[in-house]
Protein chains: 2
Amino acid sequence: MQSFTEENYLKVIYHLAEKTNNVQTNAIAEQIQTKPASVTDMIKKLAEKELVDYIKYQGVTLTDKGRHAAVDIVRKHRLWEVFLVDKLNFKWDEVHDVAEELEHIKSVNLIERLDEFLGFPKSDPHGDPIPDKNGRFTKTQFIKLIELKIGDSGTITGVSQHSSAFLKHLEKLGLTLGKQIKISDVTDFDGSVEILIEEKQINISREVAKHILISNNGKN
Amino acid sequence: MQSFTEENYLKVIYHLAEKTNNVQTNAIAEQIQTKPASVTDMIKKLAEKELVDYIKYQGVTLTDKGRHAAVDIVRKHRLWEVFLVDKLNFKWDEVHDVAEELEHIKSVNLIERLDEFLGFPKSDPHGDPIPDKNGRFTKTQFIKLIELKIGDSGTITGVSQHSSAFLKHLEKLGLTLGKQIKISDVTDFDGSVEILIEEKQINISREVAKHILISNNGKN
DNA sequence: AAAATTTTTTAGATTTACCTAAAAATAAAA
DNA sequence: TTTTATTTTTAGGTAAATCTAAAAAATTTT
Ligand SMILES: [Mn+2]
Ligand SMILES: [Mn+2]
Ligand SMILES: [Mn+2]
Ligand SMILES: [Mn+2]
């Protein structure tokens, strides 16, 4: 059984490992909002418990055991997010911090019944997949909106940024999950993207377009 | 803001204060499953934060601030219990430990929306009253089943023992909240009580009868 | 290849919540 | 009212998770 803190480290390492194989001390420190020295201490402990493989100065990778534990926390996090949005009417930008706490409640029973109560959802309010109780899930095929060309279309199925500011912004623009969009123009000057959504034309910045994930995209 | 641990102390002190005005160090230690020396340490901290009044060797009493905090945790605990039973199909003997963790999640928003989602319940699965968001609740008038005389009747509205073993036992006997009962006999030999419930006669031990709370009782 | 920079680790402290063992205060019994 | 027993506190220490400052290793730049 892991502590609250260990679980947070495992989850952060898991997410960082999606980008690079060897996860660096500084990267973890930044995510956890702590100092690199503290991370080194914790890494040693996780290595001791065989949750990570660790070579001094080379960063860490999760062991199977560690990845399993991490996925389990991700599962809990996302299920709680679904609960908050579907049942308690939270907005998608309000759920993260609360789920960050709820994910650490220890009860196998609880999470399985919650899963059932929610109808075994496949993805969370941000479009991220929810692992099943065996830790299995399929990585959905996304393409960043910014990578689409004029005339391309698709469905908004995820975001790669979870900050409240960003999500609120999308909400205001009507850019929510499931919406159909089509690229009508890309501005030369600032790289901003003109998109057609529900018969309306809107303009979004490059920065925004980078973090919107599109699926079912049809090339023109 | 209190820590997880401080919250547990406050809640325990609150419950113990229902019996005696001055809550003793040893009593707290027993409830928290810790040593008296540790309790003394924590008491000093709570006194420092003005959550309890403390006179050395005389035990503690909650300040208004402390009681408020305690009632807030009790509210959360009981609302989560309702959630687990009503929505996730937990049995009344399965909820305590999970609620013990859930009660510490910090989000005003969360608990108010949960309250609404549950339909603003007035009591938890064990018949205990749920304080409203201002900490107000009415102490229901109970009488212990053991105190009833032959011919008296009433409704089961609470229990004064929350152990899983006890609750499972009641469940098996059909002695659940809301059931109408009538005392048909009291055995001289062992003080066990013969009761009439849903046209059936059952016999319960003195020990069990002590922890069943009855309301709307009509004297014969 | 040296120098400069960045990253990571070590050393030594701090805080929180515990603990044991022993002393002090209070309460109960003789 | 002593003596005895119980309760509570103090003193000193441990483990988890942090921190700062400084040393060491790795990487990048010149
Ligand atoms: Mn977390
Ligand atoms: Mn999410
Ligand atoms: Mn608790
Ligand atoms: Mn209860």
Side-chain angles (χ1 to χ4, degrees), chain A residues 1-14 16-17 19-62 66 69-70 73 100-101 103-106, chain B residues 1-14 16-17 19-62 66 69-70 73 100-101 103-106:
Chain A
M1 197 90 304
Q2 285 86 35
S3 74
F4 187 107
T5 311
E6 286 166 10
E7 288 187 347
N8 281 336
Y9 272 86
L10 289 173
K11 200 180 62 166
V12 161
I13 294 167
Y14 174 77
L16 288 170
K19 302 234 156 188
T20 44
N21 214 298
N22 270 50
V23 179
Q24 288 170 292
T25 305
N26 272 354
I28 299 171
E30 199 195 325
Q31 289 293 311
I32 306 258
Q33 302 259 62
T34 187
K35 304 289 157 173
S38 309
V39 173
T40 302
D41 284 349
M42 178 56 79
I43 277 174
K44 283 182 189 162
K45 207 220 266 187
L46 295 175
E48 190 61 43
K49 292 190 173 191
E50 300 192 312
L51 293 159
V52 298
D53 290 319
Y54 169 51
I55 305 164
K56 257 192 202 175
Y57 293 100
Q58 300 301 126
V60 289
T61 54
L62 290 171
I73 301 152
E100 204 59 46
E101 291 190 52
E103 70 190 359
H104 303 291
I105 304 290
K106 275 156 197 71
Chain B
M1 197 92 298
Q2 285 86 31
S3 74
F4 187 107
T5 311
E6 286 165 8
E7 289 186 346
N8 281 336
Y9 271 86
L10 289 174
K11 201 180 62 166
V12 161
I13 294 167
Y14 174 78
L16 288 170
K19 303 233 158 189
T20 44
N21 213 299
N22 270 51
V23 179
Q24 289 171 293
T25 305
N26 272 354
I28 299 170
E30 199 195 326
Q31 289 292 311
I32 305 259
Q33 301 259 63
T34 187
K35 304 289 159 175
S38 308
V39 174
T40 302
D41 283 349
M42 181 56 80
I43 278 173
K44 282 182 188 163
K45 207 219 268 187
L46 296 175
E48 190 59 44
K49 292 190 172 190
E50 301 191 310
L51 293 160
V52 297
D53 289 320
Y54 170 51
I55 305 166
K56 257 192 201 176
Y57 293 99
Q58 300 303 126
V60 290
T61 53
L62 290 170
I73 301 152
E100 204 60 45
E101 291 190 52
E103 70 190 0
H104 303 290
I105 304 291
K106 276 158 197 68

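Just so it is clear: chains get the letters A, B, ... in the order the sequence lines come, proteins before strands, and each one is counted from 1.
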Which distance, rounded to the nearest 0.5 Å, do you find between the NZ of Lys35(B) and the OG1 of Thr40(B)?
13.5 Å
Can you name the nearest heavy-atom pair linking [X] to [Y], along with the distance?
X	Y	value
Ala70(B)	Tyr14(B)	CB-CB, 3.6 Å
Met42(B)	Glu6(B)	SD-CG, 3.9 Å
Ala29(B)	Pro36(B)	CB-N, 3.8 Å

Indicate yes or no: at least one non-hydrogen side-chain atom of [X] is less than 4.5 angstrom from one of [Y].
X	Y	value
Asn8(A)	Glu103(A)	yes
Tyr9(B)	Val39(B)	yes
Val23(B)	Val12(B)	no
Gln31(B)	Lys11(B)	no

Atom-pair distance ([atom1] on [X]; [atom2] on [N]), nearest Å:
X	N	atom1	atom2	value
Ile43(A)	dT9(C)	CD1	C1'	10 Å
Lys49(A)	dA16(D)	NZ	C1'	10 Å
Glu6(A)	dA15(D)	CD	C1'	12 Å
Asn22(A)	dT8(C)	CG	C1'	14 Å
Lys44(B)	dA11(D)	NZ	P	8 Å

Look at all strands and tell whether Thr25(B) reaches a base, only sugar-phosphate, or nothing, counting heavy atoms closer than 4.0 Å.
sugar-phosphate
Give one of base, sugar-phosphate or nothing for Tyr9(A), where a contact means two heavy atoms less than 4.0 Å apart.
sugar-phosphate
Donor-acceptor pairs are to be reported for all side-chain atoms of residues 51-61 of chain B against protein atoms at under 3.5 Å, with residues two or more places apart or in another chain.
none

So does [X] get a side-chain nitrogen or oxygen closer than 4.0 Å to the phosphate oxygens (OP1/OP2) of [N]?
X	N	result
Gln24(B)	dT7(D)	no
Asn26(A)	dT6(C)	no
Tyr54(B)	dT9(D)	yes
Ser3(A)	dA16(D)	no

Do any of residues 28-39 of chain A sit with a heavy atom less than 4.0 Å from DNA chain C, and if so which?
Pro36(A), Ala37(A)
Let's see if you can work this out: which of dT8(D), dC19(C), dC19(D) has an atom nearest to the side-chain heavy atoms of Asp41(A)?
dC19(D)
Protein-nucleotides 22-28 of chain D N/O pairs under 3.5 Å:
none

